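Some notes on the structure that comes next.
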Protein chains: 2
Amino acid sequence: MRDKEATKAKLLDAALEEFSQYGIAGARVDRIAATAGCNKAMIYAYFGSKEGLFDELLKIQVDRMIREVPITPEDLPGYAGRLFEAYLVRPQLLRLVAYHRLENGFSEIPKAEAEAYKHKIEAVAKAQMEGRISAAFNATNLLDLVVHMSILAFSTPNATRELVERSVRRLIAE
Amino acid sequence: MRDKEATKAKLLDAALEEFSQYGIAGARVDRIAATAGCNKAMIYAYFGSKEGLFDELLKIQVDRMIREVPITPEDLPGYAGRLFEAYLVRPQLLRLVAYHRLENGFSEIPKAEAEAYKHKIEAVAKAQMEGRISAAFNATNLLDLVVHMSILAFSTPNATRELVERSVRRLIAE
DNA sequence: CTGTAGTAACTAACTGTTTGGTTGCTAGAG
DNA sequence: CTCTAGCAACCAAACAGTTAGTTACTACAG
């Protein structure tokens with residue numbers, strides 16, 4: 001039962017639930033510790049502060065999403081659909097990012113995410129340059145639109161993967 | 001200086017700033033009272049509780065938005081553009097709604113908003129039935145998509161009104 | 001005088017964070 | 001192998017500050 005990494009993992013699991021449900025301001029450190037089944041002093045030993053815990057949690061989740069849903073510049077509808085599906089299966093990340101954005105704005109986006117986004121824009125731009133996909137929008141706008149469509153579930157409970165994919169297909173139609 | 005309505009208005013103004021910036025959980029009652037330049041007890045006299053204040057505020061803001069940006073079923077790109085512009089000029093409402101949705105989900109949507117949304121869906125459906133606009137999506141999905149595009153600024157700082165309008169035009173292209 | 005808008009002072013509960021001490025594992029002396 | 005010193009992991013309790021909400025009172029308009 002005395003396992004640093006296991007304890008950190010349990011805290012991160014509990015934090016994902018808590019932060020995604022209540023936001024950063026609404027999250028309670030006591031509740032996270034209780035859910036994780038360990039003492040809240042551990043949070044301060046391993047993550048420094050409530051915000052430190054959130055930051056590390058967000059980084060891990062974003063990294064995971066970037067890894068699990070790679071971009072396919074030649075199939076943007078599919079990419080949007082897969083992103084949408086990932087958010088549907090584990091809605092916590094979408095909520096985590098939404099809370100983070102509301103509380104910190106665009107300026108404080110995690111480095112890993114910003115970096116990955118830059119690469120994605122370049123990949124889209126390359127595909128456009130080579131004429132493999134629509135150039136109706138510039139690469140930045142196009143990727144912004146595709147990603148925005150993937151979070152359709154944030155706007156309506158009627159969102160489906162098929163609707164997302166169909167929408168993106170129309171956006172990039174020649 | 002002894003004016004109930006003026007005091008309520010000042011509190012609501014201050015509450016709009018506070019809630020849109022910090023969310024419901026993050027908002028501080030003391031700060032709202034200080035910003036409004038009146039006593040904290042007034043919040044409880046006029047709105048019952050912090051949540052009561054938020055609810056009334058949200059209702060007022062939503063009503064105002066519904067009044068100021070009426071739907072134009074035969075010009076959905078324009079409608080999305082006007083909505084986008086309204087959110088750009090006063091970003092507080094978008095943030096208010098986002099926080100409310102994160103904390104309460106879709107089920108607790110204010111009655112006025114739900115009612116107005118139903119009427120809009122019917123208006124869109126009518127326009128589709130009469131062949132005045134695209135029937136590529138059913139009315140509910142179509143309106144959901146249009147509204148979703150209008151909050152593009154939530155996803156990216158690169159959003160512009162022109163981008164929103166162009167996107168909707170593509171979504172409803174025959 | 002009467003009723004209501006407004007206030008300062010207050011409280012009980014809760015917040016993130018720290019502290020002082022305990023527990024259980026393990027390396028190394030005997 | 002046995003014992004124990006050292007240490008990292010862990011915890012209960014307490015800390016100081018903050019929170020939403022209340023109350024007893026004052027002052028002013030009609």
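This one's a predicted model, so the numbers in the text were calculated from it and none came from an experiment. Below, all heavy atoms of this structure are taken into account, side chains as well, without hydrogens, waters or symmetry copies. A note on names: the letters A, B, ... follow the listed sequences, proteins ahead of strands, and every chain is numbered from 1.
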From [atom1] of [X] over to [atom2] of [N], roughly how many Å is that when rounded to an integer?
X       : N      : atom1 : atom2 : answer
B/Glu51 : D/dA20 : CD    : C1'   : 11 Å
B/Asp30 : C/dA9  : CG    : P     : 14 Å
B/Ile43 : D/dT22 : CD1   : C1'   : 14 Å
B/Tyr22 : D/dT18 : OH    : C1'   : 15 Å
B/Lys40 : C/dT7  : NZ    : P     : 14 Å
A/Asp3  : D/dC11 : CG    : P     : 13 Å
A/Met42 : C/dG21 : CE    : P     : 17 Å
B/Leu11 : C/dA5  : CG    : P     : 13 Å

Can you find a side chain N or O atom of [X] that sits less than 4.0 Å from OP1 or OP2 on [N]?
X       : N      : result
B/Thr7  : C/dA5  : no
B/Arg28 : D/dT18 : no
B/Ser49 : D/dA20 : no

Checklist entry - Can a cation-pi geometry be assigned to B/Arg95 and B/Tyr87, taking NZ or CZ under 6.0 Å from the six-membered ring centre and within 45° of the ring axis? => result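 No, B/Arg95 does not sit over the ring of B/Tyr87.
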Next on the checklist: Strictly below 4.0 Å, N to O, side chains only: are B/Glu130 and B/Lys126 in salt-bridge contact?
Outcome noted: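 Between B/Lys126 and B/Glu130 there is a salt bridge, with a charged N closer than 4.0 Å to a carboxylate O.
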Next on the checklist: Looking at A/Glu68 and A/Arg64, is there a salt bridge between them, counting it only when a charged N and a carboxylate O are closer than 4.0 Å?
Outcome noted: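 Looking at A/Glu68 together with A/Arg64, the answer is yes, because their closest N to O distance falls below 4.0 Å.
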For nucleotides 1-4 of chain C, tabulate all protein N/O to nucleotide N/O atom pairs closer than 3.5 Å, reporting atom names and distance.
{"from": "C/dT4", "atom 1": "O2", "to": "B/Arg2", "atom 2": "NH1", "distance (Å)": "3.4"}

Next on the checklist: Nearest to the B/Tyr44 side chain among C/dT17, D/dA20, D/dC11, which nucleotide is it?
Outcome noted: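 Output: D/dA20.
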Item to check | Nucleotide nearest B/Ala41 when distance is taken to its side chain, options D/dA20, D/dT22, C/dT17 | outcome: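 Output: D/dT22.
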Base, sugar-phosphate alone, or nothing: which one does [X] contact when heavy atoms must sit under 4.0 Å apart?
X       : value
A/Ala33 : nothing
A/Ala25 : nothing
B/Tyr46 : sugar-phosphate

Item to check | Stepwise salt bridge (Lys or Arg N to Asp or Glu O under 4.0 Å) test for A/Glu162 and A/Arg166 | outcome: CA-CA 6 Å; A/Glu162 199 232 339; A/Arg166 204 142 63 91; 3.7 Å; yes
Item to check | Polar pair under 3.5 Å, donor/acceptor by atom type, side chain A/Asn39, base D/dA12 | outcome: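 In this structure, the two groups form a donor-acceptor pair.
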Checklist entry - Can you name the closest pair of heavy atoms from B/Leu171 and B/Phe137 and give their distance? => result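 Result for this residue pair: O-CE1, 3.4 Å.
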Checklist entry - Minimum heavy-atom separation for B/Phe154 to B/Ala98, with atom names? => result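 In terms of heavy atoms, the two residues are closest at CE1-CB, 4.2 Å.
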Checklist entry - Is there a side-chain contact between B/Thr156 and B/Leu152, using heavy atoms and a 4.5 Å cut-off? => result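 SC-SC contact between B/Thr156 and B/Leu152 confirmed.
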